[in-house]
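The block underneath contains the structure these notes are about, expressed in structure tokens.
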Amino acid sequence: MLRTRLTLGLVCLLVILLSMGLYSINQCGELGRRIEAITRDNDRSGRSIEQMKRSGAAMTGALLSVVTNDYAQSSNDFTAASKSFREALDEENARHSTSPEEKKEIAKLIDAYGAYQERARTFLQAPYQPDAAWRTAAHKLGQNTSDLLNMVDQLALAHEEGLTSGDKETHADVISTIRSLILLMITAAIVAIYASMRLSRGLLEPLTSVTSSIRLVGEGNLDQTVPVLSKDELGVLATSFNKMASQLRQYKANTSDELIRLAMTIRVTLASFPDPIFVLNSSGAVEFRNPAADQLAMKLLFSGVTRLPQNVDEKVEKVRASGQDYLPTLFKDAIKFNFDGQDHYYLPRIVLLREDHEKVFGVAVILENVTRMLLLDDVKSNLIATVSHELKTPLTSVRMALYLLHEKTVGSLNEKQSDLVSTAREDADRLLKTLNDLLDLAKLEQGPTQLELHRLAPSVLVENAVREMQDIAHAGQVGLKAKIAPNLPQISIDLQRMDYVITNLIANAIKYSPKGSEVLVRADIGKMRTTQPGVRFSVKDQGPGIAPDHQEHIFERFYRVPGTRKSGAGLGLSIAREVVVKHQGEIGVISQPGQGSEFFFVLPIILEEAASETS
């Protein structure tokens with residue numbers, strides 16, 4: 001196995017390194033002990049030889065002092081010097097590390113010293129007679145002393161030769177140790193190189209082969225097979241890779257037909273769409289379009305061009321730059337094309353095509369034909385405006401007559417008649433308000449509306465609305481409170497229209513709030529969905545709340561939450577939305593059933609160019 005091979009290679013290197021270390025430690029210790037012994041013996045031998053020299057000189061001096069006729073003192077001095085010489089000689093003889101030459105010299109010195117002792121004792125015991133025999137004996141004794149000291153010098157020379165020989169042996173041992181270490185290092189290097197070559201051949205080459213095959217598979221070349229050279233982990237890896245490659249080839253073969261069928265299904269599906277669909281690549285060129293798109297391209301004379309018409313292409317570029325899909329829902333965002341002698345309106349929906357990791361690889365453009373719906377909407381709006389306008393004048397007359405009757409200006413009424421007139425008057429007021437709302441809504445939907453914009457502080461709008469609705473809140477037994485953040489920037493608004501928006505929100509909050517509760521009107525800094533800074537106005541009540549399913553429809557015309565018992569036509573919030581949109585703002589609601597509702601709208605902070613136009 002691969003693990004076994006790696007372990008064996010590392011164990012061999014470890015054994016060699018440990019052997020080198022242990023051998024080096026042992027040899028260094030042995031050399032240290034030998035050097036220490038040589039140094040110690042050298043010191044002892046040097047002291048002994050030096051002591052023998054001093055003692056020999058002292059013995060000579062003691063012998064020469066007999067001329068003073070002080071035999072007792074000379075004998076004592078000689079005895080002390082002789083004892084010191086003998087101790088040094090015995091110490092030198094007791095050394096175990098002496099060389100054969102040293103032992104030979106020591107033996108000669110011991111014999112010579114014994115003979116010298118006998119002559120010296122005889123000389124000291126004889127009386128001092130300065131005759132020829134005495135002088136001859138003294139002369140021989142002096143020669144014996146000189147010979148004895150020469151032997152000591154020869155012993156010193158033999159000791160030095162022994163030290164030199166020991167140094168040579170130590171040097172030879174050092175050289176031998178170095179050679180052994182070099183041999184072990186060469187062996188370790190050979191083993192390391194061999195192990196590296198075996199690992200490179202048995203590990204790196206299979207891994208390189210697997211890596212290369214994986215790269216080719218990643219590039220789409222699935223016809224890869226890695227040779228299985230062993231039964232270890234690398235062999236298992238190669239076998240697993242070959243199995244994976246085989247499965248990928250099988251999967252590719254099985255899915256190729258499915259992909260082809262899927263592509264055909266997508267093309268047929270797109271072709272069946274009645275609206276023109278254009279698919280653009282990352283460079284903005286048209287890669288695919290359905291038959292409806294081909295017909296539109298032929299009618300607009302850009303069938304041979306790889307780009308979309310300029311007004312559509314500009315919106316595509318904006319979507320690419322912003323990274324957000326463009327999904328308009330209002331007819332005012334429709335694009336007009338003129339062909340076949342008529343104007344045609346298409347609502348463009350632009351969707352970015354993304355990969356799994358959110359990378360954009362294309363754009364889909366869907367042009368929804370809204371010409372008929374736009375015409376029907378215009379007819380409906382015109383019809384509502386005409387009918388509302390035609391009904392408003394007679395309804396005003398009926399309302400005036402009902403007021404005169406109710407005030408008994410033309411005569412008295414009984415109680416039953418008075419109740420009927422009062423009811424008719426309230427219905428006429430409600431109907432007139434509905435007609436006015438319809439007329440306002442029709443005006444807002446008929447193209448650009450001329451807004452009378454003025455630069456105002458947000459507090460003015462809130463305070464006016466709260467003051468205006470205070471009596472209604474009091475009548476409904478509901479508290480009305482305003483909370484305005486300090487130092488709010490000014491906004492550019494049509495005061496009359498925005499007053500309608502905020503009073504409508506307050507009126508609805510009062511209508512649906514329980515008695516004794518409080519309605520809070522706030523103004524503070526906020527942000528629009530585009531992260532543009534603005535001023536946020538909100539009206540929060542403590543009413544029954546609105547279910548999430550109804551919140552997305554609450555601003556539609558004539559929409560009323562099912563089960564609502566309060567009267568109304570469902571036009572107020574729709575008109576409020578149109579007014580806020582005309583001011584380039586946003587409107588919404590935050591609500592949970594049983595927790596009240598908070599209606600809010602955000603208006604952008606005043607722009608300098610807009611302020612200069614209205615000033």
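Everything numeric here is computed off the predicted structure, so don't read it as measured data.
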When rounded to the nearest 0.5 Å, the distance separating OG of Ser322 from CZ of Arg320 is 11.0 Å

Pro533 meets the side chain to side chain contact (heavy atoms under 4.5 Å, CB included) criterion, sequence neighbours left out, with Ile605

Sequence neighbours excluded, the answer for salt bridge (charged side-chain N to carboxylate O under 4.0 Å, His left out) partners of Glu368 is Arg349

Check whether Asp541 reaches the backbone of Phe599 with its side chain - one donor and one acceptor, N or O, closer than 3.5 Å. no

Hits for ring-ring contact (aromatic ring centres under 6.0 Å, His included) against His583, two or more places apart or cross-chain, chain-then-number order -> none

Kindly say whether Ser513 contributes a backbone atom to a donor-acceptor pair with the side chain of Ser517 at under 3.5 angstrom? no

Between the CD1 atom in Ile491 and the CZ atom in Arg455, the distance rounded to the nearest 0.5 Å is 12.0 Å

Taken in chain and number order and not counting sequence neighbours, the residues that satisfy ring-ring contact (aromatic ring centres under 6.0 Å, His included) with Tyr346 are Phe337

With sequence neighbours left out, the residues meeting side-chain hydrogen bond (donor to acceptor under 3.5 Å, both in side chains) with Ser591 are Ser597

The side chain to side chain contact (heavy atoms under 4.5 Å, CB included) partners of Ala523 (sequence neighbours excluded) come to Val462, Ile484, Leu488, Phe537

Worksheet item: Checking Arg536 against Phe600: charged group under 6.0 Å from the ring centre and within 45 degrees of the axis?
Response: yes

Applying side chain to side chain contact (heavy atoms under 4.5 Å, CB included) to Glu518 and not counting sequence neighbours gives Lys481, Gln542

Applying side-chain hydrogen bond (donor to acceptor under 3.5 Å, both in side chains) to Asn338 and not counting sequence neighbours gives Asp343

| said: Would the distance check show the side chain of Asp524 and the main-chain N or O of Ala485 forming a donor-acceptor pair, the cut-off being under 3.5 Å? | reply: no

Applying side chain to side chain contact (heavy atoms under 4.5 Å, CB included) to Leu495 and not counting sequence neighbours gives Leu456, Leu461, Asn464, Ile493

Examine distances only and state if a side-chain atom of Asp325 and a backbone atom of Leu352 form a donor-acceptor pair shorter than 3.5 Å. yes

By side-chain hydrogen bond (donor to acceptor under 3.5 Å, both in side chains), Gln477 pairs with (sequence neighbours left out) none

Sequence neighbours excluded, the answer for side-chain hydrogen bond (donor to acceptor under 3.5 Å, both in side chains) partners of Ser538 is Glu598

